[in-house]
Number of protein chains: 2
Amino acid sequence: MAQVTIREVARTAGVSPATVSRVLNTSETVSPDLKERVLAAVRDLGYRPNSQARSLRTRATTVLGVIISDITNPFFTAMVRGVEDVASAAGYSVVLANADEDLRKEQRYLEVAAAEQMAGVLLSPASATETSIDVLAERGIPVVTIDRRLKSADVDWVMVDNHRAAKEATLHLVEQGCRRIGFIAGRLGTTTGAGRLAGYRAGLRAAGLPSARELVVSGEFRIDGGREATERLLALPDRPDGLFVSNNLMTIGAVDALDTAGVRFPDDIALVGFDDMMPALSLRSQITAVSQPTYEIGRQATELLLRRVSGEPFPERHITLNAELKVRESSIRA
Amino acid sequence: MAQVTIREVARTAGVSPATVSRVLNTSETVSPDLKERVLAAVRDLGYRPNSQARSLRTRATTVLGVIISDITNPFFTAMVRGVEDVASAAGYSVVLANADEDLRKEQRYLEVAAAEQMAGVLLSPASATETSIDVLAERGIPVVTIDRRLKSADVDWVMVDNHRAAKEATLHLVEQGCRRIGFIAGRLGTTTGAGRLAGYRAGLRAAGLPSARELVVSGEFRIDGGREATERLLALPDRPDGLFVSNNLMTIGAVDALDTAGVRFPDDIALVGFDDMMPALSLRSQITAVSQPTYEIGRQATELLLRRVSGEPFPERHITLNAELKVRESSIRA
DNA sequence: ACGTTCCGAGAAATCGATTTCAGAAATCGA
DNA sequence: TCGATTTCTGAAATCGATTTCTCGGAACGT
């Protein structure tokens with residue numbers, strides 16, 4: 001219960017605190033005799049340095065923060081594996097925070113990261129324009145954004161080419177003979193949401209199809225958002241014959257709404273999603289989807305972040321990875 | 001970039017650091033004039049107290065740690081919502097760590113929690129016997145375990161009655177006419193895994209059915225674990241006519257293995273899982289499952305933890321919540 | 001009017017580590 | 001052998017906050 005301090009270790013080893021610190025942290029030479037006594041004392045007392053005192057002095061921690069926008073989204077949890085593997089190999093710990101697509105929560109966690117002097121932060125911003133990383137920038141804490149970008153700040157990022165991927169998916173639906181393709185957009189305030197919408201429109205344009213305003217419905221990146229959007233599209237007098245849902249959770253909602261309405265895919269409507277679901281959904285219903293290299297995004301983002309953390313200077317770095325359209329049953333019309 | 005310290009605030013306000021601290025933290029009276037000047041200086045300089053320095057002095061933080069055993073498991077992520085809601089209402093932040101069912105990682109995160117002097121920790125231990133929370137106990141950091149218990153430590157916990165739930169599920173399969181019920185167990189080293197197995201056996205006993213050793217297969221709490229276990233059961237000369245899978249991710253693997261083998265449920269085999277999947281799987285395939293009140297587990301565990309954090313003394317508290325068997329298509333044999 | 005109590009605010013100690021500084025001992029060179 | 005240099009170690013300063021201690025002046029009672 002009583003905290004073991006460096007002073008007690010020093011006392012039982014019969015040396016000064018400075019010597020204890022030298023033995024534990026630096027490569028300065030300490031006579032073998034003292035070194036031995038210090039290590040023995042550390043072992044016996046079960047000494048564990050107080051990391052707050054240490055990082056107060058050194059202004060450095062070995063904790064990385066990951067602030068993600070929705071912890072229930074498998075996309076993020078899969079990515080976190082990549083983050084953890086790289087981080088722990090480099091001796092860093094990873095703590096996660098769930099901003100829940102809420103700017104206030106996000107801001108609070110950014111402040112926590114700043115106050116805790118985290119070594120670096122990975123962030124998927126809730127908004128491209130309203131999210132501010134000033135509190136981190138002020139303290140020189142490096143940030144890499146993942147999955148989404150920030151409009152203002154000059155920050156490293158790692159993401160896929162949403163525009164291209166969405167265009168490709170749209171053209172795939174066109175090839176399957178779709179002429180009225182509905183698009184369920186996520187939060188347009190995110191670069192991800194906007195990029196995918198633009199890609200969809202580009203796809204229609206490239207195919208020479210008109211882009212009807214009523215075919216684009218946007219909602220939250222949630223299951224409910226996808227369900228409601230789908231219901232609205234199904235209520236149109238002239239129903240779409242193709243549907244492109246720009247997020248995985250929304251796709252689940254869309255499938256549910258289609259089931260409920262008795263609309264079958266691919267027969268009545270060709271369906272394409274974005275991001276693989278958990279293995280769960282895809283196993284049973286084989287949904288065509290744009291698949292992102294989630295693990296790789298986490299891995300590369302973390303490597304980038306650690307280079308920043310180490311103080312290495314290099315120009316703003318942007319990494320664009322490839323997303324792959326995985327064609328499965330839900331979009332194939334014989 | 002330069003950190004704004006309390007000293008600078010004091011200087012620009014023309015007061016001592018002690019006064020600044022008093023204005024910001026305590027209810028001690030400070031003359032309105034000085035108070036005003038301090039607040040103005042804080043605002044102008046954008047002062048943000050260094051939480052390390054503060055908690056070094058006060059030995060207290062407002063961060064709760066949640067160490068879960070698998071971040072990709074929807075059960076945990078759903079629970080975290082309950083945690084966050086309660087915590088943030090009380091002014092606490094929540095950081096997550098993913099121990100990944102790995103004792104070493106778990107231990108590392110426990111040490112991080114100790115070193116960071118977190119106010120309290122919620123833990124789903126990787127092992128009932130090998131996980132040690134000594135590092136936290138030594139520093140007086142309260143712990144509440146969730147979903148699983150620890151054998152040794154006298155610690156508060158919140159979980160469901162796994163034994164009863166598993167027994168009920170088993171009896172349900174018996175009622176459906178099953179006579180050879182396979183059981184896919186998770187890690188028996190966890191109280192959860194062991195409790196569910198015991199419940200299954202109790203169910204068989206209550207129904208007067210023999211419990212055949214070859215019908216129980218255990219594996220990791222993972223999709224692959226469920227797939228492999230199912231394959232082994234299907235390879236038995238005398239195939240089971242019912243299958244109870246004791247974890248959600250494993251259930252996904254089991255469904256996959258059944259599909260691959262061309263075994264249909266509920267016709268060829270009646271299937272019951274534990275924990276709802278993401279809405280994903282259940283939507284499409286309607287799997288009967290023991291459903292846990294995940295949000296509620298998170299909520300109550302956090303309330304308990306916060307009471308401990310506040311120093312309130314009360315005897316070791318154990319909360320058992322009810323799990324509900326949700327009967328769906330996968331187990332109904334006409 | 002004078003001594004006592006109370007109150008507000010600054011000076012200084014403190015939390016637990018790291019790091020600078022300075023001094024004693026050991027080593028080296030001539 | 002003696003002075004110069006190097007090596008090792010402890011004392012003390014430091015990080016940025018909070019909290020205790022202390023003291024001057026105002027308020028109060030007799």
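No hydrogens, no waters, no symmetry mates; every other heavy atom, side chains included, goes into these values. Within every chain, numbering begins at 1; the chains are lettered A, B, ... in the order of the sequence lines, protein sequences first and strands thereafter.
Atoms CZ (A/Arg7) and C1' (D/dG10) sit 13 Å apart, rounded to a whole Å. The OH-P distance, from A/Tyr47 to C/dA17, rounds to 3 Å in whole Å. The distance from atom CD of B/Glu28 to atom P of C/dA9 is 10 Å, rounded to the nearest whole Å. The CD atom of B/Gln52 sits 16 Å away from the C1' atom of D/dT18 (whole-angstrom rounding). One atom, CZ of A/Arg37, and another, P of D/dT9, lie 9 Å apart when rounded to the nearest Å. Between the C1' atom of C/dT20 and the CZ atom of A/Arg57 lies a distance of 8 Å, rounded to the nearest Å. For the pair B/Arg48 CZ and D/dG16 C1', the interatomic distance rounds to 16 Å; values are reported in whole Å. Going from atom CG of B/Asp33 over to atom P of C/dC7 covers 20 Å, rounded to whole Å.
For the 3.5 Å distance criterion, the side chains of A/Tyr295 and A/Asp85 qualify, holding a donor opposite an acceptor. There is a side-chain donor-acceptor pair under 3.5 Å between A/Asp70 and A/Thr72. There is no side-chain donor-acceptor pair under 3.5 Å between B/Gln117 and B/Thr61. Side-chain atoms of A/Glu106 and A/Thr131 form a donor-acceptor pair, as typed in the model, at a separation below 3.5 Å.
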- Message: Test salt bridge (charged side-chain N to carboxylate O under 4.0 Å, His left out) on A/Glu312 and A/Arg308; report intermediate values, then the result.
- Response: CA-CA 6 Å; A/Glu312 185 183 340; A/Arg308 290 281 180 212; over 6 Å; no

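Nucleic acid contact class of B/Val30 (heavy atoms, under 4.0 Å, all strands): sugar-phosphate only. Looking at heavy-atom distances under 4.0 Å, A/Val20 makes no contact with the nucleic acid at all. A/Ser31 comes within 4.0 angstrom of sugar-phosphate atoms only, judged by non-hydrogen atoms across all strands, and of no base.
The side chain of B/Asn50 sits closest to D/dA17 out of D/dA17, C/dT18, C/dG16. The listed nucleotides are C/dG16, D/dT18, D/dG16; the one nearest the side chain of B/Asn25 is D/dT18. In this structure, the nucleotide among C/dT18, D/dT19, D/dG16 sitting nearest to the side chain of A/Ile6 is C/dT18. The listed nucleotides are C/dG16, D/dA17, C/dG8; the one nearest the side chain of B/Thr29 is C/dG8.
Judged by the 6.0 Å and 45° rule, B/Arg187 forms no cation-pi pair with B/Phe221.
When the nearest nucleotides of DNA chain C are assigned to A/Arg22 and B/Thr58 by heavy-atom distance, the more 5′-ward of the two goes with B/Thr58. Two residues, B/Ala18 and A/Leu56, neighbour DNA chain C, and the one matched to the more 5' nucleotide by heavy-atom proximity is B/Ala18.
Between the side chain of A/Arg54 and the base of C/dT18 there is no donor-acceptor pair of N/O atoms closer than 3.5 Å.
Summarising the base pairing, C/dG29 is matched to D/dC2 through a Watson-Crick or G-U wobble pair whose two defining distances lie under 3.5 Å.
The phosphate of D/dG10 has OP1 or OP2 within less than 4.0 Å of a side-chain N or O from A/Thr19. At D/dG16, none of the side-chain N or O atoms of B/Thr5 fall inside 4.0 Å of OP1 or OP2 (strictly under the cut-off).
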